[in-house]
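See structure below.
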Amino acid sequence: MMFGRKVGFLCAVTVAAAAVLTGGVMSFPSGAPSSSCVDMVPQHRVAPQVTQNPYRLTVDKLGDGTFTVAIEKKNSSILDFKGFLIQARNPDSSAPTTPRGQFTSFPPEAKALDCNRMGDSVTHKSNVLKASVMVNWTAPPEGVNGIKFTAAVVQSQTVFWLGLQSFDLGAIAP
C-alpha cells in the first residue's frame, strides 16, 4: 500500500514539474484568441521563433478594392502549419496595430476574428495541418496606401513565427 502512494505522489510531482518547466504551454486549436488582436502573439506561453520564417504572404489585386491574400510554404520541404492570424495594418499610421478593411471570403478551415470591427482579422478554425490558406480582403473606404498584411503562423504548439509581412498595397493599387 505504501508503494502505491509513493508512485502516485511521484506521478503528481512529475506532472507538476513538467507544467512549471514548460510554462504551462497553451494552444488554441479553434483559432487565435481575441487577446492576440494587438500583438498577434498566439498566447501559447512560449517565445516566437527567431529563425527566418519558412512561410510567405502573397497578395494579388482582384479589382474594386479587393485582394487575395495567401500564406504558403516557401518550399515543399517545409512542414505544414496548424494555425495563423492575418490582419491588414498601416504601420505608419497613428494606430499601427489597428486592423484595416474586412476579410470577406475564406475557405472552410478559416474564420473571421472580430478585433475592432466585424471581419477585420482572419484565423484558423481548426488545427488540421495546412500547406496554404487563401482569403479575400476588401480595402477600407480610405484606400490602401500604407497598408500591409501582417501574419503570425503556427507550425506547432511551441513553434510559431510573428511579423510575416507583405509589401505596401499602395504600391500595386491605383
Next on the checklist: With heavy-atom distances below 4.5 Å as the criterion, would you say the side chains of I172 and F167 are in contact?
Outcome noted: yes
Item to check | Closest non-hydrogen atom pair, V59 against S166 | outcome: CG2-CB, 3.8 Å
Checklist entry - For K73, which residues count as a side-chain hydrogen bond (donor to acceptor under 3.5 Å, both in side chains) partner, sequence neighbours excluded? => result D80
Next on the checklist: Checking W137 against I86 for the side chain to side chain contact (heavy atoms under 4.5 Å, CB included) test, could you report, in this order, the C-alpha distance in whole Å, the side-chain angles of both residues, the deciding distance, and whether it holds?
Outcome noted: CA-CA 10 Å; W137 175 83; I86 307 172; over 6 Å; no
Checklist entry - Could you state the interatomic distance from CD1 (I78) to CD (Q155), rounded to the nearest 0.5 Å? => result 7.5 Å
Next on the checklist: Under 3.5 Å, is there a donor on one side chain and an acceptor on the other for S121 and Q87?
Outcome noted: yes
Next on the checklist: Quick one, Q52 and K74 - any side-chain contact, counting heavy atoms below 4.5 Å?
Outcome noted: yes
Checklist entry - Is the shortest heavy-atom distance from the side chain of Q165 to the side chain of L57 under 4.5 Å? => result no
Item to check | Intermediate values then yes/no, side chain to side chain contact (heavy atoms under 4.5 Å, CB included), R100 and N90 | outcome: CA-CA 8 Å; R100 310 296 175 123; N90 186 338; 4.2 Å; yes
Checklist outcome for this item: Smallest heavy-atom separation, G146 atom then D168 atom, equals N-OD1, 3.0 Å
Item to check | Spacing of CG belonging to N116 relative to SG belonging to C37, to within rounding of 0.5 Å | outcome: 7.0 Å
Checklist entry - Mind checking whether L164 and F84 have side chains closer than 4.5 Å, heavy atoms only? => result no
Checklist entry - Relative to each other, are the rings of Y55 and F81 parallel, tilted or perpendicular (30° and 60° limits)? => result perpendicular
Item to check | Cluster check L85, W161: I/L/V/M/F/W/Y, side chain < 4.5 angstrom | outcome: no
Item to check | Ring geometry between F103 and F149 (parallel below 30°, tilted from 30 to 60°, perpendicular above 60°) | outcome: tilted
Item to check | Stepwise side chain to side chain contact (heavy atoms under 4.5 Å, CB included) check, L129 with K82 | outcome: CA-CA 5 Å; L129 290 172; K82 291 184 175 185; 3.6 Å; yes
Next on the checklist: Under 4.0 Å between a side-chain nitrogen and a carboxylate oxygen: does that hold for R56 and E72?
Outcome noted: yes
Item to check | pair S93-T98: side-chain heavy atoms closer than 4.5 Å | outcome: no
Checklist entry - Does the side chain of P107 reach to within under 4.5 Å of the side chain of V135, using non-hydrogen atoms? => result yes
Item to check | Minimum-distance pair of heavy atoms, taken over all atoms of G31 and K111 | outcome: CA-CE, 4.2 Å
Checklist entry - How many angstroms lie between atom CG of L113 and atom CG of D120, to the nearest 0.5 angstrom? => result 7.5 Å
Item to check | From T138 atom OG1 to L62 atom CG, the distance as rounded to the nearest 0.5 Å | outcome: 9.0 Å
Item to check | Exercise: identify the closest heavy-atom pair between H124 and G83 | outcome: ND1-CA, 3.2 Å
Checklist entry - Is there a side-chain contact between M40 and T150, using heavy atoms and a 4.5 Å cut-off? => result yes
Next on the checklist: Set out, in order, the CA-CA distance, both residues' side-chain angles and the distance that settles side chain to side chain contact (heavy atoms under 4.5 Å, CB included) for L162 and V41, then state yes or no.
Outcome noted: CA-CA 7 Å; L162 301 175; V41 175; 3.7 Å; yes
Item to check | Option passing side chain to side chain contact (heavy atoms under 4.5 Å, CB included) with N136 (candidates T68, D60, V122) | outcome: T68
Item to check | Flag for D64-T66: side-chain donor and acceptor within less than 3.5 Å | outcome: no
Item to check | Atom of C115, atom of P99 and distance for their closest heavy-atom approach | outcome: CB-CG, 4.1 Å
Next on the checklist: Quick check on the hydrophobic clustering: are V159 and V153 connected, directly or via other members, by side-chain heavy-atom contacts under 4.5 Å?
Outcome noted: yes
